[in-house]
Amino acid sequence: MTTATAPAANKDAPKKEKKFRGVVTVNREHCKGCGFCVEFCPLECLDLEADYNAKGYHPPFLSQPEKCNGCDTCGLYCPDFAIYGYREKLDGSAA
Amino acid sequence: MTTATAPAANKDAPKKEKKFRGVVTVNREHCKGCGFCVEFCPLECLDLEADYNAKGYHPPFLSQPEKCNGCDTCGLYCPDFAIYGYREKLDGSAA
Amino acid sequence: MGPTEIKIGGLGGQGVILGGIIIGKAAALFDQKHSCLTQAFGPEARGSACSAQVVVDSNPILYPYVHNPHLMVAMSQDAFVKFSPELRPDGTLLIEEDLVKPTGLPSTVKVYAVPATRIAEELGKKMVLNIVMVGFFTAVTGLVSEQAAREAVKDSVPPATIDLNMKAFERGYAYGKQLMAAKA
Amino acid sequence: MGPTEIKIGGLGGQGVILGGIIIGKAAALFDQKHSCLTQAFGPEARGSACSAQVVVDSNPILYPYVHNPHLMVAMSQDAFVKFSPELRPDGTLLIEEDLVKPTGLPSTVKVYAVPATRIAEELGKKMVLNIVMVGFFTAVTGLVSEQAAREAVKDSVPPATIDLNMKAFERGYAYGKQLMAAKA
Amino acid sequence: MSNANSSGVLTGSHYLDGDHACSEGAIAAGCRFAAGYPITPSTEVVERIAARFPRVGGRFLQFEDELGASIALLGGAWGGAKAMTVTSGPGFSLMMEHIGYAAITETPCVYINVQRAGPSTGLPTQPAQGDMMQARFGSHGDYRLIALCPNSPQECFDLTVEAFNLAEEFRVPVLVMLDEVVGHMTEKVVIPPAGEIPVSPRRWTKKAPGEFKLFEPAEGSLVPEMTMPGEGHQIHVTGLTHDERGYPNMTIAAHEKMQRRLFDKIVLNADRIVKWEEKDLAGAEVVVVSYGITSRVAEKAIQAAKEKGVKVGSFRLITAWPFPEKQILEMSTKVKAFVVPELNLGQMSLEIERVVGGRCKTVGVPHVGGTVHKPEVILNAILEAVR
Amino acid sequence: MSNANSSGVLTGSHYLDGDHACSEGAIAAGCRFAAGYPITPSTEVVERIAARFPRVGGRFLQFEDELGASIALLGGAWGGAKAMTVTSGPGFSLMMEHIGYAAITETPCVYINVQRAGPSTGLPTQPAQGDMMQARFGSHGDYRLIALCPNSPQECFDLTVEAFNLAEEFRVPVLVMLDEVVGHMTEKVVIPPAGEIPVSPRRWTKKAPGEFKLFEPAEGSLVPEMTMPGEGHQIHVTGLTHDERGYPNMTIAAHEKMQRRLFDKIVLNADRIVKWEEKDLAGAEVVVVSYGITSRVAEKAIQAAKEKGVKVGSFRLITAWPFPEKQILEMSTKVKAFVVPELNLGQMSLEIERVVGGRCKTVGVPHVGGTVHKPEVILNAILEAVR
Amino acid sequence: MSAAVRENPADKYLRKERMPSIWCPGCGIGTTVNCFTRALDASGYDLEKVAVVSGIGCTGRVAGYLKLDSFHTTHGRAIPFATGLKLARPDLKVVVYSGDGDLSAIGGNHLIHAARRNADLLVVCVNNLTYGMTGGQVTPTTPQPAIASTTPYGAFEQSFNLPHLVASCGGVYVARWTAYHVRQIAKSMGEALQKKGFRFIEIIAPCPTLYLRRNKLGEGLDEMKFYQEKSVVMNGADTREVSLDFRDEIPVGKFVDIERPTLEEAMESQLSKALGAKYVPYSLPVKA
Amino acid sequence: MSAAVRENPADKYLRKERMPSIWCPGCGIGTTVNCFTRALDASGYDLEKVAVVSGIGCTGRVAGYLKLDSFHTTHGRAIPFATGLKLARPDLKVVVYSGDGDLSAIGGNHLIHAARRNADLLVVCVNNLTYGMTGGQVTPTTPQPAIASTTPYGAFEQSFNLPHLVASCGGVYVARWTAYHVRQIAKSMGEALQKKGFRFIEIIAPCPTLYLRRNKLGEGLDEMKFYQEKSVVMNGADTREVSLDFRDEIPVGKFVDIERPTLEEAMESQLSKALGAKYVPYSLPVKA
Ligand SMILES: Cc1ncc(C[n+]2csc(CCOP(=O)(O)OP(=O)(O)O)c2C)c(N)n1
Ligand SMILES: Cc1ncc(C[n+]2csc(CCOP(=O)(O)OP(=O)(O)O)c2C)c(N)n1
Ligand code: SF4
Ligand code: SF4
Ligand code: SF4
Ligand code: SF4
Ligand code: SF4
Ligand code: SF4
Ligand SMILES: [Mg+2]
Ligand SMILES: [Mg+2]
């Protein structure tokens, strides 16, 4: 029921080498499609799916995974505890 | 039950001739002897009787009638509506 | 004719109750029958399943409850799942085509589908989907007269929105008529 | 001995109830009798007549009311007027000498007067007039033992005021004893 | 709510729910002051009042709480307006002090309570009839009042009008005790032209200041007439025990006199107050006593019982308080049993049992509320009762 | 109040009024949290609490109103303290919502009501027994609780202890219903040493977080155990209909289950709860049923009747609710009549009449309150009843 | 020569048959009532159009002594009763006269909401720093660490600064005096009677029987002298600065005197704005 | 390469089995709760020692969703329940979480008195300018002339400026944010959790279903953008200056942060001063 999305590691080499990447987890079925996360992601890396969940809402997904820095702003905004972000060290462990 | 006291007219000739005199009426039986009227009479012309009323309180009386100017300060202070002052024209009618 | 029992189910916010009121009002005020509407909220009227139950009869109605509806309108999958088992085997089910995927119904049930949301969206206001449904219901079931239903719609929506709602009714009604014609 | 009924009347603020409590307590706690005190406020406890009723008995007391007291204490004229008709013809009346002018009593009533207010004022605190009265009551009626009454006073007043109150008791008691001696 | 736009009485046929019908009944009865505090499932009453009053010359204010609302209407009533407030369970509990104040001050006023399943917050959107005894005994001390129980939107209209009339006639708080089903049920409601609705005006005294005593029963009556402030009467109204002028009087005699009349004016006038609906009582072996929505559910059971050959009659309480003692007593000598379904664990059935005094059986059919009885349960009770 | 200075239980003989005896009973029962709002004639209870608590490790706060006081004690109780509040008529009416909340949340707690003459402000300093039905039915919806009626200061002490014990045993609000006479009557009160006073501790669960359900009856019981916050249980308490974990559950099934148990835990345990005092029942033709001060007034009438040769027994209600149905029913088959004097216009007598079901007469001896019955009035009723 | 005895000017406004009052000797409540009668007298109002509403308490008895249409309601609820009365009878001047406990403890919610909505009421609050009627318990205005029957070891809560509370909620006229300030009270009452909207006059007054006695502060007269000595007139003061401490200075004066639409005005203007010709204003009840 | 999925940091604080919540899409209440979980997380508190108390309303459901010892009380009475709880259990952090109507309409009296006595509570007030749970009626915070179900022609009463009300009564920490200010809320909650005494955080939040829809103000997201645009941070502002008007600027920030003895501290110090060695302080209930 929950999906975690993260960029494939460093596809486009960043200016400064990143020590971590942002990971975002969405609980599609709990999402009510309010769009807060999408609107207030500081790096504009979320979008609402075109698909509906069972209740008829469009959950978000990480449309620009490479931009996400795991700041969890989306998580703070979500009124339904359906999304959150975090940082993962690029060696694979959480930052 | 109520007693009105006023000075005998102009016994001691006043400096400026008075056009009125103060009259004070006391409802002895309603008085609870709090002393407000006596204390706050601006001209200090009241005193408490030595006698008791039926409830055992000392009601006030106009001890210095010649001083009273009928200002009704005693009346304003009385918590038991037991005293009030007014002015009487020296021709006998109320001022 | 004995009482006809109708159940309309959907989500809070879809205008389920108003849909029921229009049908009931059409019968009671404009078709000179009797009708009684009872409503069931979810525990809290916030987005959970809700339903309106309408009994229509030519005689005065005492017992107002609907146990085994002759006619059912399902405007959400939740409502379908929750309520469809109550439908009579020979009953009629009207569904919102895009929101309800009926399964497990006895073959004797007649099912009619209308893309009410889509139609409402075409009219520019998703909120009128319930009126589309009412039009569709009128055409398909014939329980209330077309004229009565129209009057009831007019009498039940805010004056400023009568035009829009009448359009919604017409679209639903037309869709239903066409479907019946096709089936016939 | 059957129950002895006592009524103490006065004005709110005179310590009427406390007087009653001391007598009742003396009997119940220190004389090992039974006693029950009930109180009657005026409608509002502000300066209006109030009374304490005490029943003292060697047996447990069920019915706590006093209708025709054997002993009455009147601490204000109001209280005297209001309550004295209830006193038994052969009853005993104790009064505050300066505050109560008894009239119209049957000649069979024994009346004892004490200038309790004056005594209290001499002691510097008008408020202890009720304790003077208790002392007087103890001496005159003998209903409670002197020792019990003393204990009860000590047990009932604020610790800081015990000395003053004991003085008040002694003065009242002495006055009563003297009076009785004189009468005897 | 397009039909809420007309001014004055909403004459005509309407498809209304019970809550809205109460609002229309109030308007038709001349109510022009209402105080409220929202609570499910009664809020629709004041919502409609809020929409309708400004078009009919009424004043509505939502207060900060039920304490305020339940006394503000009394201020309005004393001001001379016909006045009401509306609530449900928890709010009704908060209004108890003021219902007692209304009773002792003989304030004509109406309280509407739309019953939901309790206790406490319980099931706020679901029905019960659990406040029937509270309606009678919920305020401290002894008092009497009137409580009515409609079973349809039409009757919500009719009985709200009646409630205002009784309030004026007896100078008493009148309670309209809906249940959630009736409050939220929609049916045709026929509202007669204004002139055909019987409306009791306030019984204004014709006596002059000085002559008139606000708590002295009018001649040949147990109920005093009324006046209002601003007329030179210098009235005094208090929740203390009072004399006929309304002055506090802290004597037992005054208390006895006041209490006796407050009691008598309701109890001795019960015949004028009590309303019920009876069916098929003649020859009945069992009588189903019910009220509110339960009476309509019971109907199905009664039909079924009749089909099984049981002689079953029906007695529907329209007035719950004062209780139709006389009627129940009389029937009790003729029937085998009363069957009393209600959406509570046994409330009015206690009163029936008491009145019956063993002359016949009383078969309660309790229900915790939240929904209505299954008709079969009532049917079984009927069948049980005749056995 | 020199005897109020000791700490802990005030062992010994004291000359106390009923109000103060309640305070001492509370302290002896382990009450260490009290919330109050002053009202005549109950204020002495909290005044003594205010003086005594700081010396025995208790906390008392006077709240801004009865709404606050009547729920603050529940906060205290859930915190783990034994808790109470105290009031009279008008304040009792304001507490009704929270008594229902205490019932549905099964909060062990004690409410003391010192009854004065009502309705409304009535005669604030004078006695009545007019809130007996309110004690049973005053909150909306259906619920069950326990109500006790002391008739002396000694019993004020004893029954306050008992009230706290019953509250813990049944997780239920317990009402101590004094009347003003008993509250203000002073007599010897004997307080045993702490160790000899039976005190029921809170029934703490031994179950671990996760295992324990706050509203699941303990094995072999109808009453759940307790825990408190801060113990890792992450309890949830709500006035909504709830499941055994305490989570809101808006289904009829959950409501039925909850309500059924709340009802049963009191009704099925009535034998363990109900207390009374009986005298001379054997062979009695008439039984006087009374409570509170009225029982002591009745005693005089009973003596007089006996002197006239009437076989009269006495049944004193110590527990008013749950009502001693079984006991009354049993007696009703043996006696000619019950005589029921009370300081109200007929409250407990209604319940007696109901239970009696016509098996014998029920002769109410109503009284408006403000004072007590004249013993002769009760005597006449007795004589009437045996005729 | 003996003068013609005139009637006590207060008598006209009193139910004389109910005198003497229940108030204790030296209680300040009566003094404030006396001032009120003088303010009424000076106002020249039609007395038939003035109504008084009280709650429960010693001060709550005021309604019962005034020969006006008068209502003695329930504890704490004088304000909502008066609000209902005023809405139903806009032609009346409605005065709420009650105690500190009644208005600020149990009645606190109504006080703040009525001030917020600017209900057209004059509220006179006799603040004797205690619950008089029930025997001297602590109130929200009892200063720390005064002794009260429910704070036998001294009050420990911060007390309300009532003028500030009312001003913060939007009262349009806010003043405080003590019972010593009889002329100022009468004047203030007169001024406030003229004004519309939520007007609040606090009067600090002695309760000798309970508050003073328990705190060993002497008799009513001693307290009046204390007021005389300790009061500081601070007309127009920021209400944050006028809180009261135990036996400290007593800031008095008129603190607030502003204008804003009353509840009725705001209600009527909003409704007529929104409804236009469809708005049917409320009309007074008539005796038919 | 797929990452190891971490748990939602909020989950630890939620009764997950009760999700999804009853709240409507775009309702702001959940956002504030999310911030609260982060503040708890950051605080490092022993969660067993944090209790939440709510009244009745949509916001009142918060208690039921938080995996803390939690109490869903009666309408308006969360504060006195919490006061009782805290007095009985001084070891607990007690947080009141409720709606504007619950806390400032029916609960207004408790709000002002708890602030006055500085009860040791953190009060979070989600102010959606309406009664959500009962269908969108006017509340004491509804701005003029917003439409509500009981003011269908526009609200006409002046609304409460809650920070000013609480500050005027003596609250020691007073802040306002909107649901847009998620980081500030979390920080403010964290700060307030550390502090003692009566702390009040108002959070303006969208109620799309009732308030926004009725006033044709769009969806929750529109309102969040409106907050973003219209909020003005005014830390330390005089609370008289922070009232809210319909669709006008929204002053936000921390307005008050002062120290004074809490209710418990004041009570204990007064009692021990007066009673000395005779004072027996309260001790925590123990499971025997
Ligand atoms: C609901 C309710 N609670 C409590 C009381 C008891 N009571 C009567 S007057 C009063 C306090 C009065 O204090 P205040 O308002 O300051 O007036 P004062 O007597 O000091 O003038 C109280 C608590 C009541 N009558 N009703
Ligand atoms: C005594 C009582 N009165 C009224 C209600 C009905 N009621 C439930 S919630 C609520 C209002 C809630 O509004 P608010 O506190 O603003 O919370 P929101 O739903 O907006 O979050 C009301 C009036 C009740 N439950 N109890
Ligand atoms: S974690 Fe931060 S950057 Fe990543 S999607 Fe969420 S808000 Fe955007
Ligand atoms: S904020 Fe939460 S509920 Fe809203 S769209 Fe994003 S995931 Fe869904
Ligand atoms: S009228 Fe004035 S001068 Fe005369 S006694 Fe009274 S206060 Fe003094
Ligand atoms: S002020 Fe009034 S009560 Fe006081 S002493 Fe003077 S006359 Fe008597
Ligand atoms: S108790 Fe206090 S306030 Fe009441 S009348 Fe006496 S002095 Fe005045
Ligand atoms: S009604 Fe409003 S406050 Fe309640 S959940 Fe829905 S959006 Fe939120
Ligand atoms: Mg006071
Ligand atoms: Mg809200």
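So that the names make sense, note that chain A is the first sequence line, chain B the second, and so on, each numbered from 1.
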Hey, what do you get for CE (H:Met267) to CG (F:Leu61), rounding to the nearest 0.5 Å? 5.0 Å
Under the criterion side-chain contact (heavy atoms from CB on, under 4.5 Å), I'd like the reasoning laid out for F:Leu74 against H:Phe71: C-alpha separation, chi angles, the key distance, then a yes or no. CA-CA 11 Å; F:Leu74 305 181; H:Phe71 302 90; over 6 Å; no
Let me know if F:Ile235 has heavy atoms under 4.5 Å from chain H in its side chain, its backbone, both or neither. both
Please flag which part of F:Ala35 lies under 4.5 Å from any non-hydrogen atom of chain H: side chain, backbone, both or neither. neither
So which of F:Pro248, F:Gly100, F:Gly239 has the biggest tally of heavy-atom pairs under 4.5 Å with chain H? F:Pro248
Sub-4.5 Å side-chain heavy-atom contact between H:Thr83 and F:Phe63: yes
Heaviest contributor of heavy-atom pairs below 4.5 Å to chain F, chosen from H:Val52, H:Asn109, H:Val94, is H:Asn109
Would you mind reporting whether H:His113 and F:Asp65 have side-chain heavy atoms less than 4.5 Å apart? no
Contact part of H:Arg117 toward chain F, heavy-atom cut-off under 4.5 Å: side chain, backbone, both or neither? side chain
Measure H:Thr74 against the heavy atoms of chain F and call it side chain, backbone, both or neither at under 4.5 Å. both
Does the side-chain hydrogen bond (donor to acceptor under 3.5 Å, both in side chains) test come out yes or no for F:Thr205 and H:Lys287, once each step is laid out? CA-CA 9 Å; F:Thr205 188; H:Lys287 285 194 172 188; over 6 Å; no
Are any of the side-chain heavy atoms of H:Leu66 and F:Gln234 separated by less than 4.5 Å? no
I'd like to verify something: which residue of F:Ala81, F:Gly68, F:Ser70 has the highest number of heavy-atom pairs under 4.5 Å with chain H? F:Gly68
Which atoms of F:Arg202 are under 4.5 Å from chain H, going by heavy atoms: the side chain, the backbone, both sets, or neither? neither
Compare all side-chain heavy atoms of H:Tyr282 with those of F:Phe53 and state whether any distance is below 4.5 angstrom. no
Show the numbers, then the answer: is there a side-chain contact (heavy atoms from CB on, under 4.5 Å) between H:Asp69 and F:Glu231? CA-CA 9 Å; H:Asp69 289 308; F:Glu231 304 276 312; over 6 Å; no
Using every non-hydrogen atom in the two residues, find where F:His236 and H:Gly64 come nearest and quote the distance to one decimal. CE1-CA, 3.2 Å
So, the part of F:Arg245 with a heavy atom under 4.5 Å from chain H: the answer is side chain
Taking the side chain as everything from C-beta on, heavy atoms only, tell me whether F:Tyr247 gets closer than 4.5 Å to H:Arg15. yes
Between H:Ala82 and chain F, with a heavy-atom cut-off of 4.5 Å, which part of the residue counts as in contact: side chain, backbone, both or neither? neither
Do F:Val237 and H:His72 make a side-chain contact, defined as non-hydrogen atoms from C-beta onward lying under 4.5 Å apart? no
Among H:Asp46, H:Thr73, H:Leu92, H:Ile56, which residue has the highest count of heavy-atom pairs closer than 4.5 Å to chain F? H:Thr73
Is the number of heavy atoms from other residues, nucleotides or ligands within 6.0 Å of NZ (F:Lys257) greater than 12? no
Kindly give the heavy-atom pair with the smallest separation between F:Glu97 and H:His75, and that separation in Å. OE2-N, 4.3 Å
Whatever's closer than 4.5 Å to a heavy atom in chain H on F:Pro54 counts as both
Side chain, backbone, both or neither: which part of H:Val286 has an atom under 4.5 Å from a heavy atom of chain F? backbone
Nearest non-hydrogen partners of H:Pro285 and F:Gly80, listed with the distance: CB-O, 3.4 Å
Honestly, the part of H:Leu263 sitting under 4.5 Å from a heavy atom of chain F is side chain
For H:Pro90 versus F:Arg59, what's the shortest heavy-atom pair and its separation? CG-NH1, 3.8 Å
Determine, step by step, whether F:Leu240 and H:Arg61 satisfy the side-chain contact (heavy atoms from CB on, under 4.5 Å) criterion, reporting the C-alpha distance in whole Å, the side-chain angles of both residues, the deciding distance to 0.1 Å, and the verdict. CA-CA 11 Å; F:Leu240 287 164; H:Arg61 294 303 186 93; 3.6 Å; yes
What's the shortest heavy-atom distance between F:Gly79 and H:Ala88, and which atoms? CA-CB, 4.4 Å
Contacting region of H:Arg77 [heavy-atom separation from chain F under 4.5 Å]: both
If you count every heavy atom of other residues, nucleotides or ligands that lies below 6.0 Å from H:Lys196 atom NZ, does the total exceed 12? no
Would you mind reporting whether F:Val56 and H:Val280 have side-chain heavy atoms less than 4.5 Å apart? no
So for H:Leu68, is it side chain, backbone, both, or neither that comes closer than 4.5 Å to the heavy atoms of chain F? backbone
Top of F:Arg32, F:His98, F:His233 for chain H proximity - count of heavy-atom pairs under 4.5 angstrom: F:His98
Heavy-atom check, side chain of H:Leu85 versus side chain of F:Pro229, under 4.5 Å: yes
Looking at F:Ile71, F:Leu67, F:Thr238, which has the largest count of heavy-atom pairs under 4.5 Å with chain H? F:Ile71
Is the number of heavy atoms from other residues, nucleotides or ligands within 6.0 Å of NZ (H:Lys49) greater than 12? yes
With a 4.5 angstrom heavy-atom cut-off, could you sort out which part of F:Thr105 is near chain H: side chain, backbone, both or neither? neither
